[in-house]
Amino acid sequence: TDDRNAPRTIDVDILFVGEEVVDSENLQIPHPRWSDRSFVVEPLAEVRPNLILPDSGNPVLEIFEQMPASEDVCLYVEKKEWMI
């Protein structure tokens, strides 16, 4: 199908693989829209704030700090009985 958002069995978005850059019909690394998605950038900034992906030139934390505020991303914590 030509609909890139159509349902599929599995969809894996590869954010980065070191300094590797791949731009083919079936695979793009780094993921071409990673820096537009707060649900990707925020957690990545928490674990690798100084990481600079090959396509960005800026540290992940800086990219996150420049993103508009969003409530789309929130921390999910499931409380277990032993935690209460």
Side-chain angles (χ1 to χ4, degrees):
T1 179
D2 289 335
D3 182 1
R4 65 187 231 194
N5 293 316
R8 48 200 169 258
T9 303
I10 188 168
D11 178 27
V12 176
D13 293 335
I14 301 173
L15 299 180
F16 69 97
V17 179
E19 296 295 318
E20 188 76 23
V21 175
V22 178
D23 189 9
S24 70
E25 183 179 330
N26 296 318
L27 180 63
Q28 292 177 300
I29 301 173
H31 188 281
R33 290 170 302 286
W34 74 269
S35 62
D36 298 330
R37 298 174 171 173
S38 59
F39 66 89
V40 172
V41 177
E42 183 172 358
L44 188 56
E46 289 179 13
V47 296
R48 296 287 305 273
N50 298 318
L51 176 68
I52 299 174
L53 271 67
D55 67 335
S56 70
N58 296 320
V60 173
L61 181 59
E62 186 177 310
I63 293 169
F64 173 63
E65 289 172 340
Q66 293 175 1
M67 295 184 92
S70 172
E71 295 190 20
D72 293 343
V73 178
C74 62
L75 179 62
Y76 173 78
V77 177
E78 182 178 339
K79 292 198 177 216
K80 304 291 183 187
E81 285 185 32
W82 58 270
M83 296 174 78
I84 299 173

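Atoms considered below: every heavy atom in the structure, side chains included; atoms not considered: hydrogens, waters and symmetry mates.
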Visitor: Can you name the residues that form a salt bridge (Lys or Arg N to Asp or Glu O under 4.0 Å) with D13, not counting sequence neighbours?
Guide: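 Applying salt bridge (Lys or Arg N to Asp or Glu O under 4.0 Å) to D13 gives R37.
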
Visitor: For E62, check side-chain contact (heavy atoms from CB on, under 4.5 Å) against everything at least two apart and list the hits.
Guide: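 side-chain contact (heavy atoms from CB on, under 4.5 Å) check on E62 returns N58, P59, Q66.
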
Visitor: If the condition is side-chain contact (heavy atoms from CB on, under 4.5 Å), which residues does P49 pass it with, not counting sequence neighbours?
Guide: L61

Visitor: side-chain contact (heavy atoms from CB on, under 4.5 Å) with L51: which residues, sequence neighbours excluded?
Guide: F16, L44, R48, L53, V60

Visitor: Excluding sequence neighbours, so at least two apart, what forms side chain to side chain donor-acceptor pair (under 3.5 Å) with E65?
Guide: none

Visitor: Using the rule that two of Ile, Leu, Val, Met, Phe, Trp, Tyr join whenever any of their side-chain heavy atoms come within less than 4.5 Å, decide whether F64 and I52 are in one cluster.
Guide: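 As far as the 4.5 Å side-chain criterion goes, I52 and F64 are not connected within one cluster.
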
Visitor: Could you pull out all residues at least two apart from V17 that satisfy side-chain contact (heavy atoms from CB on, under 4.5 Å)?
Guide: I14, E20, I29

Visitor: How far apart are the closest heavy atoms of S38 and M67, and which atoms are they?
Guide: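 Here S38 and M67 meet closest at N-CE, 3.5 Å.
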
Visitor: What is the minimum heavy-atom distance between W34 and L15, and which atoms define it?
Guide: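 The answer is CB-CD2, 4.0 Å.
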
